[in-house]
Amino acid sequence: EIDKGIDIADSIANRRPHLARLMATVNDGPADEETRREIGMVLEIVRLDQRLSALALYDLRGELVAMSGEFLREPFAVSLRHPENATLKWQDGFYLELAATMQQQGKKIGTVRIEYPPVTLTAAFLNYQNNGETGETALCAALTSEQMRCFPTRHRPQPFDSPRSVDGKALPLSLAIDGESGAIMATDYRAQDVFDAYSPVGNSGLVMVMKIDQAELRRPIHQHLLWIVPLFAGLLALGFA
């Protein structure tokens, strides 16, 4: 979905000749109201067609030319390492903000800025139907060398900042921030013993951990033992008899 957002921003910036011609007119001199209105109409059509929450166009001076929709105000957000000039936001769901350079004949003529709701990503983090009773997924990014910023999880429905280590021991997410992948038995923020699987998310700067309580993980084994052990004992007794 992040790649899809990149493609959308690039297509708006560099695959719409009519929009490029209008932007060239803006950069050549003060655009009249009719030109700006036409650009605004084009952006509105494109935003609805691409299902964006917001779309804006800026000239060479960095001044706003036109905008369609509204960008989130003061959302919980992290800046991504890749793609550049990208931010992942949260406000009752994920939103991806991207910027792309608008070019004509190899020369910059403006900047396109989009805000795109990755609905599949949001659904994956809000739907725990297949995650058992305690399973959850956390998506975080480094905030400082000592802190990380995390999006909402099943057991923590609000975004939060967290230390990267507890009692001098790095948390699994912190290990992922350092580029490691693996699985570990640990104690989480609920003081529950959990099984964690952690990994970086490509080169985006994001990291992810999937975890489940050890008690739930072991429950099927215990349930099987409740009938396997008596059955095995019975077979042994029959064998001796």
*asked:* Going by side-chain contact (heavy atoms from CB on, under 4.5 Å), Leu22 matches just one of Arg16, Arg36, Glu38. Which one?
replied: Glu38
*Between CE of Met208 and CZ of Phe125, what distance do you get to the nearest 0.5 Å?*
6.0 Å
_Side-chain heavy-atom pair Gln147, Arg164 within 4.5 angstrom cut-off_ = no
*To the nearest 0.5 Å, what is the distance between CG (Asn85) and CZ (Arg113)?*
11.0 Å
_Check: Tyr116 ring centre within less than 6.0 Å of Tyr95 ring centre_ = no
*Between Asp196, Asp188, Asp193, which is the residue that forms a salt bridge (charged side-chain N to carboxylate O under 4.0 Å, His left out) with Lys211?*
Asp188
*Out of Ile39, Leu43, Val46, Leu57, which one pairs with Ser68 under the side-chain contact (heavy atoms from CB on, under 4.5 Å) rule?*
Leu43
*Tyr58-Met23 co-clustered via ILVMFWY side chain contacts under 4.5 Å*: no
_Connected via hydrophobic side-chain network under 4.5 Å: Val42 and Ile109_ = yes
*Mind checking whether Leu96 and Thr87 have side chains closer than 4.5 Å, heavy atoms only?*
no
*Do the non-hydrogen side-chain atoms of Arg51 and Leu48 ever get within less than 4.5 Å of each other?*
no
*Could you please spell out the steps behind the side-chain contact (heavy atoms from CB on, under 4.5 Å) verdict for Leu98 and Ile6?*
CA-CA 7 Å; Leu98 289 162; Ile6 295 171; 4.3 Å; yes
_Arg149 to Phe160 six-membered ring, cation-pi geometry met (6.0 Å, 45°)_ = no
*Rounded to the nearest 0.5 Å, how far does CG of Leu143 lie from SG of Cys150?*
9.5 Å
*asked:* If you define the side chain from C-beta out and look only at heavy atoms, does anything of Met67 sit under 4.5 Å from Leu55?
replied: no
*Should Leu121 and Phe151 be counted in the same cluster of Ile, Leu, Val, Met, Phe, Trp and Tyr side chains packed under 4.5 Å apart?*
yes
*Is Met102 close to Leu19 at the side-chain level, that is, under 4.5 Å between some pair of heavy atoms?*
yes
*Shortest non-hydrogen contact from Gly5 toward Ile114*: O-CD1, 3.6 Å
*Going only through I, L, V, M, F, W and Y residues with side-chain contacts under 4.5 Å, is there a path from Trp90 to Leu52?*
yes
*If you look at every heavy atom in Glu115 and Pro117, which pair is closest and at what distance?*
O-CD, 4.1 Å
_Spatial distance of atom SG (Cys140) from atom CG (Leu206) [nearest 0.5 Å]_ = 9.0 Å
*Heavy-atom distance under 4.5 Å between the side chains of Leu88 and Phe94, does that happen here?*
yes
*Taking a hydrophobic cluster as the set of Ile, Leu, Val, Met, Phe, Trp and Tyr residues connected by side-chain heavy atoms closer than 4.5 Å, whether directly or through intermediates, do Val166 and Ile184 fall within one such cluster?*
yes
*For the student: nearest non-hydrogen atoms of Ala86 and Pro83, plus distance*: CB-O, 3.2 Å
_Point-to-point distance, once rounded to the nearest 0.5 Å, from CD of Gln50 to CD1 of Ile8_ = 5.0 Å
*Cationic N near anionic O, under 4.0 Å, Glu44 to Arg47*: yes
*Between Arg156 and Glu136, is there a salt bridge with N-O shorter than 4.0 Å?*
no
*Show your reasoning for whether side-chain contact (heavy atoms from CB on, under 4.5 Å) applies to Leu171 and Met148.*
CA-CA 10 Å; Leu171 297 176; Met148 55 188 174; 3.8 Å; yes
*Measure the shortest side-chain to side-chain distance between Ile2 and Leu80 over non-hydrogen atoms and say whether it is less than 4.5 angstrom.*
yes
*Could you grab the distance from atom CD of Glu216 to atom OG1 of Thr134, nearest 0.5 Å is fine?*
3.5 Å
*Consider only side-chain N and O atoms of Gln192 and His155, and report whether a donor and an acceptor are under 3.5 Å apart.*
no
*Residue that, paired with Val65, satisfies side-chain contact (heavy atoms from CB on, under 4.5 Å) out of Asp59, Thr35, Thr111*: Asp59
_Non-hydrogen atoms of Ala77 and Lys89 that approach each other most closely_ = CB-CG, 4.0 Å
*Any idea which heavy atoms bring Pro200 and Ala176 closest together, and the distance?*
CG-O, 3.4 Å
*asked:* Any side-chain to backbone donor/acceptor pair from Ser11 onto Asp7? Under 3.5 Å, distance only.
replied: yes
*Can you tell if the side chain of Gln158 reaches within under 4.5 Å of the side chain of Pro152, non-hydrogen atoms only?*
no
*Any chance CD of Glu63 has more than 12 other-residue heavy atoms, nucleotides or ligands included, within less than 6.0 Å?*
yes
*Which heavy atom in Asn203 sits nearest to a heavy atom in His82, and how many Å separate them?*
O-CB, 3.4 Å
